[in-house]
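Below, all heavy atoms of this structure are taken into account, side chains as well, without hydrogens, waters or symmetry copies.
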Amino acid sequence: MASCQAIAFLLEQTVDALALFDLERLRNLEREAASLADAPLHPGNAELQTLIAKKQVLERVLQQSTSNLDALNRLYERRTREQWERSPH
């Protein structure tokens with residue numbers, strides 16, 4: 001049976017790894033999450049509320065990361081296009 005504490009820790013560690021752009025750590029956390037995915041979970045009400053709150057934090061971080069990545073891609077594309085337009089043909 002998966003421990004609510006293990007899942008809460010996994011969610012916290014995922015947020016931390018995203019904040020640090022630690023791809024290797026994210027890969028390790030992904031493997032750990034996969035091993036917990038099929039385990040039955042029977043949280044109490046307080047544990048469930050904690051897990052939901054941590055999940056919501058992770059979702060916000062992921063949404064913000066997506067927005068930031070999209071902005072960086074737009075800036076990169078614009079800069080590349082501007083450099084191309086200025087270069088001699």
Side-chain angles (χ1 to χ4, degrees):
M1 181 166 79
S3 156
C4 289
Q5 290 176 333
I7 294 171
F9 183 75
L10 180 72
L11 291 167
E12 291 170 3
Q13 292 301 305
T14 302
V15 169
D16 290 345
L18 283 167
L20 298 172
F21 301 110
D22 189 340
L23 184 58
E24 185 61 31
R25 190 166 162 201
L26 286 169
R27 286 181 180 143
N28 291 335
L29 290 166
E30 181 181 18
R31 285 189 287 275
E32 188 176 333
S35 71
L36 293 174
D38 294 329
L41 182 65
H42 304 287
N45 191 41
E47 292 172 317
L48 183 60
Q49 294 304 316
T50 299
L51 291 176
I52 289 170
K54 291 180 185 300
K55 178 182 171 278
Q56 289 171 338
V57 168
L58 177 57
E59 287 172 343
R60 280 188 236 124
V61 168
L62 288 170
Q63 288 170 350
Q64 190 63 42
S65 296
T66 299
S67 297
N68 290 343
L69 183 58
D70 290 345
L72 287 171
N73 281 328
R74 285 191 305 274
L75 288 171
Y76 173 77
E77 288 169 4
R78 182 175 32 175
R79 180 176 155 100
T80 302
R81 185 178 57 248
E82 289 171 356
Q83 286 177 342
W84 176 258
E85 289 170 354
R86 286 191 298 235
S87 69
H89 298 298

Got a second to check how far [X]'s [atom1] is from [Y]'s [atom2], nearest 0.5 Å?
X	Y	atom1	atom2	answer
C4	L41	SG	CG	4.5 Å
L62	L18	CG	CG	5.5 Å
L29	R31	CG	CZ	9.5 Å
I7	T50	CD1	OG1	12.0 Å

Review point. Residues sharing L48's hydrophobic cluster, by side-chain heavy-atom contacts under 4.5 Å among ILVMFWY, directly or via others?
Key: I52
**Study point:** Any residue meeting side-chain hydrogen bond (donor to acceptor under 3.5 Å, both in side chains) with Q64, in chain and number order, not counting sequence neighbours
**Key:** N68
Practice item. Measure the shortest side-chain to side-chain distance between V57 and L11 over non-hydrogen atoms and say whether it is less than 4.5 angstrom. Key: no
All N/O donor-acceptor pairs, side-chain side in residues 69-76, below 3.5 Å, sequence neighbours left out:
| from | atom 1 | to | atom 2 | distance (Å) |
| --- | --- | --- | --- | --- |
| N73 | ND2 | L69 | O | 3.4 |

**Study point:** With E59 via salt bridge (charged side-chain N to carboxylate O under 4.0 Å, His left out) - residues at least two apart
**Key:** K55
Point to revise | CD (Q49) with more than 12 external heavy atoms under 6.0 Å | key: yes
Review point. Going through the checks in order, is the side chain to side chain contact (heavy atoms under 4.5 Å, CB included) test met by E77 and T80?
Key: CA-CA 5 Å; E77 288 169 4; T80 302; 5.7 Å; no
Exercise for review: Determine which pairs satisfy salt bridge (Lys or Arg N to Asp or Glu O under 4.0 Å) with at least one residue from residues 36-53, sequence neighbours left out, and list them in order.
Suggested key: none
Check your understanding: Which residues satisfy the side-chain contact (heavy atoms from CB on, under 4.5 Å) test with R81, sequence neighbours excluded?
Key -> R78, E85
Point to revise | Pairwise side-chain hydrogen bond (donor to acceptor under 3.5 Å, both in side chains) hits with a residue in residues 7-19, at least two apart | key: E12-K54, Q13-R25
Check your understanding: Does one hydrophobic cluster hold both F9 and V15, with members joined at side-chain heavy-atom distances below 4.5 Å?
Key ->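 No, it is not one cluster - the side chains of F9 and V15 are not joined through contacts under 4.5 Å.
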Point to revise | Heavy-atom pair of closest approach, residues L26 and A17 | key: CD2-CB, 3.6 Å
